Amino acid sequence: MIEIFKKYSNFERTASRSEYWGVLLSVMALSFIGVIIGVAFMAMGDLAVIPGVLVILAVAVLSTWIDVATIVARCRDAGINPWFTLACFIPYIGWIVMIVIGCLETRKV
């Protein structure tokens with residue numbers, strides 16, 4: 001588990017297309033499961049609302065961190081400026097940017 005966090009705390013690395021799509025889809029699936037767990041906590045009653053919200057918040061922060069690290073690495077691999085990662089946060093356009101970044105070929109050195 002520590003190795004995973006070390007990998008995604010390094011913003012100087014590169015990510016291939018297969019790694020990019022694998023990480024994004026895995027994080028999306030795990031986020032979905034985490035939100036379901038958080039909602040299940042909240043459905044237990046008034047005292048369980050706070051733990052449910054904390055689970056959802058933790059899942060959101062961790063998944064966003066891993067996604068941003070992977071998108072930055074993919075931008076480096078494709079040879080585009082990593083600041084294009086910020087375009088992924090634009091409503092409605094962000095998903096298109098993420099798909100385009102994921103489809104770009106690896107830059108030939």
Side-chain angles (χ1 to χ4, degrees):
M1 194 72 150
I2 293 173
E3 291 299 320
I4 293 172
F5 287 116
K6 284 183 183 178
K7 183 176 183 179
Y8 292 107
S9 63
N10 179 8
F11 284 84
E12 298 294 324
R13 66 183 187 86
T14 60
S16 65
R17 282 188 278 193
S18 60
E19 179 185 356
Y20 174 82
W21 287 113
V23 167
L24 256 57
L25 294 175
S26 299
V27 167
M28 188 182 302
L30 292 174
S31 297
F32 182 73
I33 292 169
V35 168
I36 288 175
I37 292 170
V39 169
F41 269 115
M42 291 190 295
M44 288 182 190
D46 293 337
L47 294 176
V49 170
I50 293 174
V53 169
L54 291 176
V55 167
I56 292 173
L57 182 64
V59 166
V61 168
L62 287 174
S63 65
T64 301
W65 180 270
I66 292 172
D67 283 346
V68 168
T70 305
I71 294 168
V72 167
R74 180 69 197 127
C75 286
R76 289 188 188 284
D77 186 63
I80 61 175
N81 193 336
W83 284 100
F84 278 106
T85 302
L86 294 176
C88 296
F89 292 102
I90 299 172
Y92 303 111
I93 297 173
W95 287 102
I96 298 169
V97 173
M98 290 173 72
I99 291 170
V100 169
I101 289 172
C103 292
L104 293 173
E105 289 188 24
T106 300
R107 175 186 61 183
K108 307 277 192 267
V109 178

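Please read these numbers as outputs of a predicted model, since none were measured by experiment.
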Side chain proximity check, Ile99 to Trp21, heavy atoms < 4.5 angstrom: yes
Verify same cluster id: Phe32, Val39 (apolar side-chain graph, 4.5 Å): no
Heavy-atom closest contact (Arg74 atom, Glu105 atom, distance): NH2-C, 3.9 Å
Sidechain-backbone polar pair: Tyr20 side chain, Met98 backbone, donor-acceptor under 3.5 Å: yes
For the student: nearest non-hydrogen atoms of Thr70 and Ala15, plus distance: O-CB, 4.3 Å
Shared hydrophobic cluster for Met28 and Val72 (ILVMFWY, side-chain gaps under 4.5 Å): no
hydrophobic_cluster_shared for Phe89 and Ile101, side chain cutoff 4.5 Å: no
Interatomic spacing from CG in Leu25 to CG in Leu30 - rounded to 0.5 Å: 11.0 Å
Leu47, CG atom: more than 12 neighbouring heavy atoms under 6.0 Å: no
N-O pairing of Glu12 and Arg76 below 4.0 Å: yes
Nearest-0.5 Å distance, OG1 of residue Thr14 to CD of residue Glu19: 7.5 Å
Cys75 to Thr85 - nearest heavy-atom pair and separation: SG-OG1, 4.0 Å
Other residues, nucleotides, ligands: >12 heavy atoms within 6.0 Å of Ile50 CD1: no
Heavy-atom neighbours of Asp46 CG exceed 12 at 6.0 Å: no
ILVMFWY cluster, Trp95 and Ile71 together (side-chain gap under 4.5 Å): yes
Flag side-chain contact, heavy atom, 4.5 Å: Ile90 against Val97: no
Heavy-atom check, side chain of Met42 versus side chain of Ile56, under 4.5 Å: yes
Same apolar cluster: Ile33 and Phe41, side chain cutoff 4.5 Å: yes
Considering all heavy atoms, the nearest Ser63-Ala60 contact: OG-O, 3.2 Å
